[in-house]
Amino acid sequence: MLPISGRNLLRGAAGAGALPFLGAGPGVAATTSEDAPPPHRVGTGPFTCVYDPSTSAGPRYLNDHTLIEAQGRWHLFGIVGNSAPRGESPDSAAEISFVHASAPSPHGPWTSHPDALVVDPSYFGEDHLWAPHVVEAGGRFWMFYAAGGASGAAINLATSTDLFAWTREPSGPLFRGLAARDPMVLRVGGEWVMYYTELSGPGGHHVVACRRSADLRHWGDPGVASTDASTDTTASVTESPCVVERDGWTTCSSVRATATRAPTSSRRGTRSISSSDGHGPTGTAS
C-alpha cells in the first residue's frame, strides 16, 4: 500500500473509471439520463495570486484550503508547510499546522493570523494535519480534518466560537479508515453528509466515500459516492472531493492525476459526477 499522503500523487499512473453517485452503490457504471445536463468540461479563468503564507522565516506553500464567510469577513484555513528547494517536492509528513488568514473579500487584502491548529501527538497519535473543511452550525464552527498516525488514517474534529481558538473533540477521532482524508461536509435536506477520500478495501479501488450525521459528531456507516477503476497500486484519483448544488443538480468533483515516468511530469484534472436525486449520475472529466 502506498503512503496515505494525498500529496503522493505522482508515484503511479491513474486509471479512468466508473463514477456512481450517492445511493447508486459501489462499482456501478455511470449512465446518461435524457434529463441529465450535457457533459461539459470544468475549466478556470485567469489565475491571480491573492495570498502568500510565507513568513520572515522563509517561504511557505499553501495546499488543500477551505474558505468560510462569517462575522463580516472571509476566513481561509489550509495545509501550510515550508517550501522545498527548487526541483524537489515538499514532505507531506511534515505538514503539521493549518494556516489562518482573513479578508473582507476573497480577493483580499488578506491578513495573516497565527496558525489555527498545530499537530498534537498526544491527541490519539496525531502526526500530521491535512485538508481542513469548516462549516458553521449551532452557533459554532466545526473544522473537520485528516490526521492519522500509527493507529491509522483518521478524520478528526475541532470546534470554535470565533474561528481563532480551536478545541479538539475530547472523545478522539470521529472515525478511522484505510486512507480517510480530505473531508468535505455539507447540509443535504435534514442531515449532514461528509464526503472524503478512501479505499474500497485493502488494495482496493480509490473511492469517494460518504457518511451521514444528524449532529456533526456521530457519523453513520460509510457508503460510496463514486468508485474509480484504478486501485491502490496507483496514485489516488479521488482526492479532495467537493460537492455543490446548482440548478437542481448535485455535482461531486474530485482531483485526479496522471504521471509519466518522470516524477516531475504530471497532469492534474477534475472528474465530476452529477445527480438530480442521488441516482443515475453522469460523469465528465477535464
Kindly work out whether a path of hydrophobic side-chain contacts (I/L/V/M/F/W/Y, heavy atoms less than 4.5 Å apart) joins [X] to [Y].
| X | Y | result |
| --- | --- | --- |
| Val134 | Ile155 | no |
| Trp192 | Met184 | no |
| Ile68 | Val50 | no |
| Val185 | Val243 | no |

Flag side-chain contact, heavy atom, 4.5 Å: [X] against [Y]:
| X | Y | answer |
| --- | --- | --- |
| Thr159 | Leu157 | yes |
| Val135 | Phe141 | no |
| Ser226 | Pro241 | no |
| Pro132 | Phe144 | no |
| Ile79 | Leu62 | no |
| Cys242 | Tyr195 | no |
| Trp110 | Leu76 | yes |
| Pro183 | Met194 | yes |

If every non-hydrogen atom of [X] is compared with every non-hydrogen atom of [Y], which pair is closest and at what distance?
| X | Y | value |
| --- | --- | --- |
| Ser92 | Trp130 | O-NE1, 3.3 Å |
| Pro59 | Ser54 | CA-OG, 3.2 Å |
| Val193 | Trp219 | C-CZ3, 4.0 Å |
| Ala153 | Ala180 | CB-N, 3.4 Å |
| Ala154 | Arg176 | CB-NH1, 3.5 Å |
| Ser97 | Leu129 | CA-CD1, 3.8 Å |

With a 3.5 Å distance limit and no angle check, can you tell me whether [X] reaches the backbone of [Y] through a side-chain donor-acceptor pair?
| X | Y | result |
| --- | --- | --- |
| His205 | Ala229 | yes |
| Trp142 | Leu216 | no |
| Asp228 | Thr231 | no |
| Glu191 | Ala214 | no |
| Arg211 | Gly220 | yes |
| Asp64 | Ala131 | no |
| Thr197 | Thr238 | yes |

According to the interplanar angle, ranging from 0 to 90°, do the rings of [X] and [Y] count as parallel (below 30°), tilted (30 to 60°) or perpendicular (above 60°)?
| X | Y | result |
| --- | --- | --- |
| His75 | Phe164 | perpendicular |
| Trp166 | Phe77 | perpendicular |
| Phe175 | Tyr196 | tilted |

Exercise. Carefully, step by step, assess Val188 and Arg212 under the rule side chain to side chain contact (heavy atoms under 4.5 Å, CB included).
Key: CA-CA 9 Å; Val188 179; Arg212 294 180 168 92; over 6 Å; no
Self-check item: Residues Glu239, Asp182; criterion side chain to side chain contact (heavy atoms under 4.5 Å, CB included); working and verdict
Solution: CA-CA 7 Å; Glu239 296 287 315; Asp182 298 354; 3.1 Å; yes
Practice problem: Check whether more than 12 heavy atoms from other residues, nucleotides or ligands sit under 6.0 Å from atom CG of Asp221, and answer yes or no. | Solution: no
Quiz item: Quick one: salt bridge (charged side-chain N to carboxylate O under 4.0 Å, His left out) pairs with a partner in residues 106-119, sequence neighbours left out?
Solution: Arg60-Asp115
Output the distance between atom [atom1] ([X]) and atom [atom2] ([Y]), rounded to the nearest 0.5 Å.
| X | Y | atom1 | atom2 | answer |
| --- | --- | --- | --- | --- |
| Ser171 | Phe124 | OG | CZ | 7.0 Å |
| Ser213 | Arg187 | OG | CZ | 9.0 Å |
| Leu178 | Leu199 | CG | CG | 5.5 Å |
| Ser160 | Leu117 | OG | CG | 10.5 Å |
| Tyr145 | Phe98 | OH | CZ | 7.0 Å |
| Leu174 | His218 | CG | NE2 | 9.0 Å |

Quiz item: Could you walk me through whether Ser112 and Tyr51 pass the side-chain hydrogen bond (donor to acceptor under 3.5 Å, both in side chains) check?
Solution: CA-CA 9 Å; Ser112 293; Tyr51 178 64; 2.8 Å; yes
Practice problem: Output all residues satisfying salt bridge (charged side-chain N to carboxylate O under 4.0 Å, His left out) with Glu169, sequence neighbours left out; order by chain, then residue number. | Solution: Arg217
Practice problem: In plain terms, say whether Glu198 and Arg181 are close enough for a salt bridge, that is, a side-chain N and a carboxylate O under 4.0 Å apart. | Solution: no
